[in-house]
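A short write-up of the structure that comes next.
In the text below, chain A, chain B and the rest are named by the order of the sequence lines, each starting its count at 1. From a predicted model like this one, the values you see are computed outputs, not experimental measurements.
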2 protein chains.
Amino acid sequence: MQSALEISGDEELTERQKDVLNAVLRLLVEEGDRLTMTAVARRASCSKETLYKWFGDRDGLLTAMVQWQASKVRVAQVDRSRLDKSSLSASLERYASDWLHVISSDTSIALNRVAIAHAGEEKRNLGAIVLENGRLAMGRRLKPVLLAGRDAGLLEFDDAEQAFRTFFGLVARDVQIRLLLGDRLKPTDAEIGQDAADATRQFLALYGARNGAAKSGL
Amino acid sequence: MQSALEISGDEELTERQKDVLNAVLRLLVEEGDRLTMTAVARRASCSKETLYKWFGDRDGLLTAMVQWQASKVRVAQVDRSRLDKSSLSASLERYASDWLHVISSDTSIALNRVAIAHAGEEKRNLGAIVLENGRLAMGRRLKPVLLAGRDAGLLEFDDAEQAFRTFFGLVARDVQIRLLLGDRLKPTDAEIGQDAADATRQFLALYGARNGAAKSGL
DNA sequence: CGAGAACCGTAACGTACGGTACGGTAGTGG
DNA sequence: CCACTACCGTACCGTACGTTACGGTTCTCG
């Protein structure tokens with residue numbers, strides 16, 4: 001048994017419940033927000049009564065699924081020891097590549113779509129959950145790397161948040177919005193690798209030390 | 001009278017019909033995709049019968065509204081004569097500022113939300129309409145400016161599309177996705193001006209001529 | 001003025017779907 | 001064996017909302 005109103009996501013979910021949430025996710029990728037409770041029950045081979053007992057209502061089911069997925073977002077951590085120019089560059093490139101893979105995935109697209117559709121609602125704001133565990137979590141993870149790079153004299157910036165946002169822009173560009181709007185873009189692994197390398201090179205050109213010409217305005 | 005299936009958007013719309021679509025837009029900003037035909041009729045002071053006669057069905061109404069709005073997206077055109085470093089910079093900054101204003105507006109957010117929610121549907125793909133008249137239209141308008149800048153020896157790049165996408169990333173960064181997900185961000189005019197100036201400066205640092213260190217990878 | 005079109009306001013229809021109830025089965029514990 | 005729990009499958013209920021129908025008003029045109 002499980003209270004219908006959990007906050008943190010993955011805690012206390014049984015395997016069976018995760019199976020159900022997986023079914024929800026698959027259905028969401030296929031059908032978008034039009035999925036029905038009946039379809040979920042059939043796909044997960046469970047009864048609607050169970051769905052309502054576990055998750056409260058339709059919104060609770062979607063929220064649980066989004067929280068559960070959000071709790072799984074993990075991007076490679078970087079060891080901040082022995083930071084030199086090439087290891088910093090490699091870390092940034094790794095981040096960029098991971099991030100591009102995430103936002104290009106079917107599940108991320110489906111999740112962001114449903115979160116955007118339900119953004120700004122009073123209770124159970126899916127947009128806030130996805131925002132917190134997507135874009136904002138990325139910022140929290142990358143910022144220490146940027147600060148370490150500055151401490152090591154490899155980067156120059158005043159505001160780590162501004163620097164991160166620039167990096168974000170150079171990496172993501174128009175990819176996410178185009179995919180969300182249904183553009184058939186789907187970059188290949190090779191393209192993602194290339195884009196990550198380009199973005200990293202551009203970021204270092206703008207914020208790398210010994211490049212006074214390109215210092216950010218802030 | 002009007003066929004329910006128009007393609008290009010603003011043609012053949014009477015003032016009264018535009019009033020109705022304006023009501024739809026206002027309602028969409030307030031309520032999102034949950035707006036009902038009854039609410040539209042009440043807000044627009046028209047009968048549901050009229051709505052159905054003019055627009056066919058609910059989807060047709062939303063499509064007409066999105067097309068109509070899309071047909072209104074116009075960003076300042078730049079005169080390509082007398083292109084020098086400062087006029088190019090001013091043009092880019094103007095573009096960046098206009099674009100940030102657009103994507104920060106309530107109507108753009110509402111429109112993109114509904115388009116994303118309905119993206120990838122078979123018929124009447126709102127995502128495609130918004131994509132075509134938003135991001136892609138921006139690209140078509142800015143590319144000639146970039147090419148003119150290259151012809152004038154002010155910019156260096158191989159692929160105008162790649163250069164534009166970088167500019168797009170530097171300008172938009174995480175603003176659009178955050179707003180779509182419900183983040184209270186709402187940059188002020190002053191912030192937009194600052195961001196536009198920063199993005200332009202960064203873009204010129206990367207792609208401006210006489211800056212060999214920062215050439216794009218492609 | 002009369003006929004008809006265009007439209008408003010509202011009542012009515014049909015249905016899809018969220019949510020509930022209930023009977024049936026398997027497992028568990030005493 | 002009995003009581004109990006947890007669950008499946010399905011039938012069922014209530015309602016919101018898309019869609020249609022219709023009576024009444026205004027306007028145009030002859």
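Put simply, the side chain of A:Leu204 reaches to within 4.5 Å of the side chain of A:Leu92, judged on heavy atoms. Within the 4.5 Å cutoff, the side chain of A:Glu132 has heavy atoms near those of the A:Arg140 side chain.
Side-chain N/O atoms of B:Thr50 include one lying less than 4.0 angstrom from OP1 or OP2 on C:dC8. Residue B:Trp54 places none of its side-chain N or O atoms closer than 4.0 Å to OP1 or OP2 of C:dA6.
For A:Ser108 and A:Asn112, the side-chain atoms include at least one donor-acceptor pair closer than 3.5 Å.
A donor N or O paired with an acceptor N or O is not found under 3.5 Å between the base of C:dC7 and the side-chain atoms of B:Glu49.
If you take CZ of B:Arg42 and P of D:dC17, they are 11 Å apart, rounded to a whole angstrom. The interatomic distance linking A:Gln17 (CD) with D:dA6 (C1') rounds to 12 Å, in whole Å. As rounded to whole Å, 16 Å separates atom P of D:dC8 from atom CZ of A:Arg43. We find that CZ of A:Phe55 is positioned 14 Å from C1' of D:dC7, with the value rounded to whole Å.
Listed by chain and number, the residues in a ring-ring contact (aromatic ring centres under 6.0 Å, His included) with B:Phe203 are B:Phe167, B:Tyr207 (sequence neighbours excluded).
Between B:Asp98 and B:Arg141 no salt bridge is recorded (no basic side-chain N to carboxylate O distance below 4.0 Å).
Among the atoms of the strands shown, only primed sugar atoms or phosphate atoms (P, OP1, OP2) are found under 4.0 Å from some heavy atom of B:Arg16.
At most 12 non-hydrogen atoms from other residues, nucleotides or ligands lie less than 6.0 angstrom from CZ of B:Arg184.
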- With B for base contact, S for sugar-phosphate-only contact and - for none (protein heavy atoms under 4.0 Å), nucleotides 13-19 of chain C reads ----SSB
